[in-house]
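The basis for the numbers below is simple: all heavy atoms, side chains too, and nothing from hydrogens, waters or symmetry mates. Residues: numbered from 1 along the sequence shown. Read the numbers this way: they start at 1 and go in the same order the structure lists the ligands and their atoms.
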Amino acid sequence: MIKFPEGFYFGSATSSTQSEGAHTDDLKGKDIWDIWYEEEPYKFFDGIGPQDTSTFYKNYKSDIQLLKKVGHNSFRTSISWSRLFPQGFGKINEDAVKFYRNVFEELKRNDIEPFVNLFHFDMPYELQKIGGWENRKVVDYYREYAKKCFELFGDIVKRWFTFNEPIVHVECGYLLCYHYPCKVDPKAAVQVAYHTALASAFAIKEYHELNQGGKIGIVLNLTPAYPRSQNEADVKASNIAELFANKSFLDPAIKGEYDQELIDIIKKHNLMPEYTQEDLSIIKNNTVDFLGINYYQPVRVCAKAHLPNPEAPFMPDYYYDHYVMPGRRMNPYRGWEIYPKGIYDIAINIKNNYGNIEWMITENGMGVENEERFRKDGMIHDDYRIDFYKEHLTWLHKGIEEGSNCIGYHVWTFIDCWSWINAYKNRYGLIELDLETQERRIKKSGQWFKELSEKGGF
Ligand code: BGP
């Protein structure tokens, strides 16, 4: 049997925008997703926007009962900044305070440990209007928001995260045009990345000063980079991919500094952000207590075959080409490679190169289209998902056996949810959501997950 350590966290993650439903009875301010959908609804799969999502705002009590039914001893969600502070700062929305307190208390009452994240791609629109993460002032607003969250909920919540996947709002928002504000502006991207690392460090500082007896970390999506071959040029290409994709946030979060090679590349391309020594020392002195890691896919690269277009805006793949490995296993619905051993490589990397800091898997999962075809006797038989989890857990277990300090495994996600521009295209849940009726039904993977958690393994 694959058995995990006593007290291992089993559960799932979600985010406010993807689960609560934006148009609720309270005074939530708009975030960039609400506005983007108003401006360009056709960019969202089937034209479905963030207004309804999985109605957790209304159904949190019964949803928490469902979490119990699928074996959760822990659960991550995020606070919506613009629900708590409709303007991003200033006047607080008391309904939001009540809602989040109720949710966290209800989780505790049901012996489910809340893990709470402060930012999941959801910049308040009022702050985006003044430049969002490009503007240093927004770092101060975030700091005030974070502090308020600790004061309001820190008596219940003992595990905090400052950000979810910060590289995503950098890449998707400022390089690739997949998230609002849809800019292609490498200089802004670097500024946004740096301000995000700084904001995270300020939140950590505030949290530690309050002495609430909990821990604070950051959630990073790690995509280990693998070279096509051991040829020197391929290896160099994969080292550079690793710098941008992983070390760009891992290093400041855990070591309080940036890798010199990354700084040299940024300088070479004239992309250095505006910074002060004082702010750099905030990053240096306020590192995480523990780490959340989302793992979905690796990145495979090889040396570049052609010179980059000198007029094209800088992208990290100026230094490498993506390599399509023959025989790779794909999740065709999401277009992501399935490579379970990657989770082991991450475990060993954290152990050997990041002081074996306490960490956990905060997301791992498989989004599949049209799951209706797997329905038998009323239940969705998602055996592919169970196999996916088993394979990843087997490799994770091996990493733990070899000494990596991993304390939990959260899947993405407990209930089919709204996936940004993919809306409801791919389903990830342990529980099925009927979009017409909002009815919830446990899938086969949900039953399996309960058994996994009860037995502490499989
Ligand atoms: C992660 C995000 C989640 C979630 C998940 C699945 O990157 O933290 O918010 O959405 O990926 O990806 P997607 O929804 O794009 O299929």
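Of all the heavy atoms in Ile442 and Gln447, the pair that sits closest is CG2-N, 3.9 Å.
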List of N/O pairs, ligand 1 versus protein, all under 3.5 Å?
unit_1, atom_1, unit_2, atom_2, d
ligand 1, 7 (O), Glu165, OE1, 2.5
ligand 1, 7 (O), Glu165, OE2, 3.0
ligand 1, 8 (O), His120, NE2, 3.2
ligand 1, 8 (O), Asn164, ND2, 2.9
ligand 1, 8 (O), Glu363, OE1, 3.3
ligand 1, 8 (O), Glu363, OE2, 2.9
ligand 1, 9 (O), Gln18, OE1, 2.8
ligand 1, 9 (O), His120, NE2, 2.8
ligand 1, 9 (O), Trp420, NE1, 3.1
ligand 1, 10 (O), Gln18, NE2, 3.1
ligand 1, 10 (O), Trp420, NE1, 3.2
ligand 1, 12 (O), Tyr428, OH, 3.4
ligand 1, 14 (O), Ser419, OG, 2.5
ligand 1, 15 (O), Arg334, NE, 3.4
ligand 1, 15 (O), Arg334, NH2, 2.8
ligand 1, 16 (O), Arg334, NE, 2.7
ligand 1, 16 (O), Tyr428, OH, 2.5

Where do Arg143 and Glu206 land on the salt bridge (Lys or Arg N to Asp or Glu O under 4.0 Å) test, with the steps shown first? CA-CA 8 Å; Arg143 177 184 182 175; Glu206 293 292 352; 2.7 Å; yes

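Note that Arg385 lies outside the cation-pi zone of Phe374, set by a 6.0 Å cut-off to the ring centre and a 45° limit from the axis.
Between Trp33 and Phe121, the gap from one ring centroid to the other reaches at least 6.0 Å.
With respect to Lys28 and Asp34, a salt bridge is recorded, a charged nitrogen being found less than 4.0 Å from a carboxylate O. A salt bridge is absent between Lys158 and Glu113: the closest approach of a Lys/Arg side-chain nitrogen to an acidic carboxylate oxygen does not fall below 4.0 angstrom.
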